Amino acid sequence: MMIEEVQAHLRAAQSQIGREGRFALTLSLDGREECYITHWFRPDPHAFEDCKAVGSGTVTECLAALDRYVASNRPASDRLAAGRSRAEAPALMAAE
């Protein structure tokens, strides 16, 4: 998987969750093919940034965990709309 594909997946997840914050993908540098994804956000405008673990393992496992995280943390109105138009919408969209 190319880095551009991973970046597109992260951008798509960010747009689907509908919140402020960012996802971070961290890769190991010790020769193992492991990584983890975290979601960084501010609970309120005056709070310190907080971090929530999303997934760990291979890149593929992390992206699957990201998809599950987004599905369970998407605003309720978006979940209903996604259920109605799931067959019409592409699973992954890249943004420039």
Side-chain angles (χ1 to χ4, degrees):
M1 179 176 288
M2 302 296 288
I3 190 67
E4 292 83 5
E5 294 172 294
V6 174
Q7 289 173 324
H9 202 112
L10 291 170
R11 280 194 296 272
Q14 181 64 42
S15 69
Q16 291 173 10
I17 202 163
R19 292 189 199 157
E20 293 292 320
R22 61 187 165 84
F23 290 106
L25 174 81
T26 305
L27 300 170
S28 66
L29 296 175
D30 58 4
R32 296 176 293 154
E33 292 185 23
E34 292 184 344
C35 69
Y36 60 92
I37 292 182
T38 51
H39 181 211
W40 292 85
F41 60 95
R42 291 189 190 277
D44 69 59
H46 302 291
F48 288 107
E49 194 172 43
D50 197 1
C51 173
K52 190 179 267 191
V54 173
S56 64
T58 66
V59 173
T60 302
E61 291 168 336
C62 283
L63 294 178
L66 178 62
D67 291 341
R68 290 188 301 273
Y69 180 84
V70 168
S72 66
N73 287 286
R74 196 177 301 164
S77 59
D78 289 350
R79 285 193 299 260
L80 292 174
R84 285 189 296 254
S85 63
R86 184 171 306 190
E88 302 168 11
L92 177 65
M93 297 186 302
E96 290 290 321

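Start at 1 with the first residue, then count along the sequence. Model, not experiment: these values are computed from the prediction. The figures that follow rest on heavy atoms only: side chains count, while hydrogens, waters and symmetry mates do not.
- Between G57 and C62 the shortest heavy-atom distance is N-SG, 3.8 Å.
- Not a single donor-acceptor pair under 3.5 Å links the side chain of R22 to the backbone N or O of W40.
- The backbone N or O of C51 lies less than 3.5 Å from no partner atom in the side chain of T38, so there is not a single donor-acceptor pair.
- When the side chains of ILVMFWY residues are joined at heavy-atom separations under 4.5 Å, either directly or via intervening members, L25 and M2 end up in two distinct hydrophobic clusters.
- Residues A65 and G55 come closest through the heavy atom pair CB-CA, 3.8 Å.
- In this structure the side chain of I17 never reaches within 4.5 angstrom of the side chain of F41, judged on heavy atoms.
- Residue S15 holds its OG atom at 11.0 Å from CG of L10, rounded to the nearest 0.5 Å.
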Should V59 and L27 be marked as a side-chain contact (heavy atoms from CB on, under 4.5 Å) after you check the CA-CA gap, both sets of side-chain angles, and the distance that decides it?
CA-CA 9 Å; V59 173; L27 300 170; 4.2 Å; yes
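- Remark: E4 CD to R11 CZ distance equals 9.0 Å, nearest 0.5 Å.
- Here the side chains of N73 and H39 are not in contact, with every heavy-atom distance at 4.5 Å or above.
- Residue D67 holds its CG atom at 7.5 Å from CD of Q16, rounded to the nearest 0.5 Å.
- Follow the hydrophobic side-chain contacts under 4.5 Å out from V70 and you never reach Y36; the two are in separate clusters.
- Note that the CG atom of L63 and the CZ atom of R68 stand 10.5 Å from one another [nearest 0.5 Å].
- Annotation: the span from Q7 atom CD to E5 atom CD amounts to 10.5 Å, rounded to 0.5 Å.
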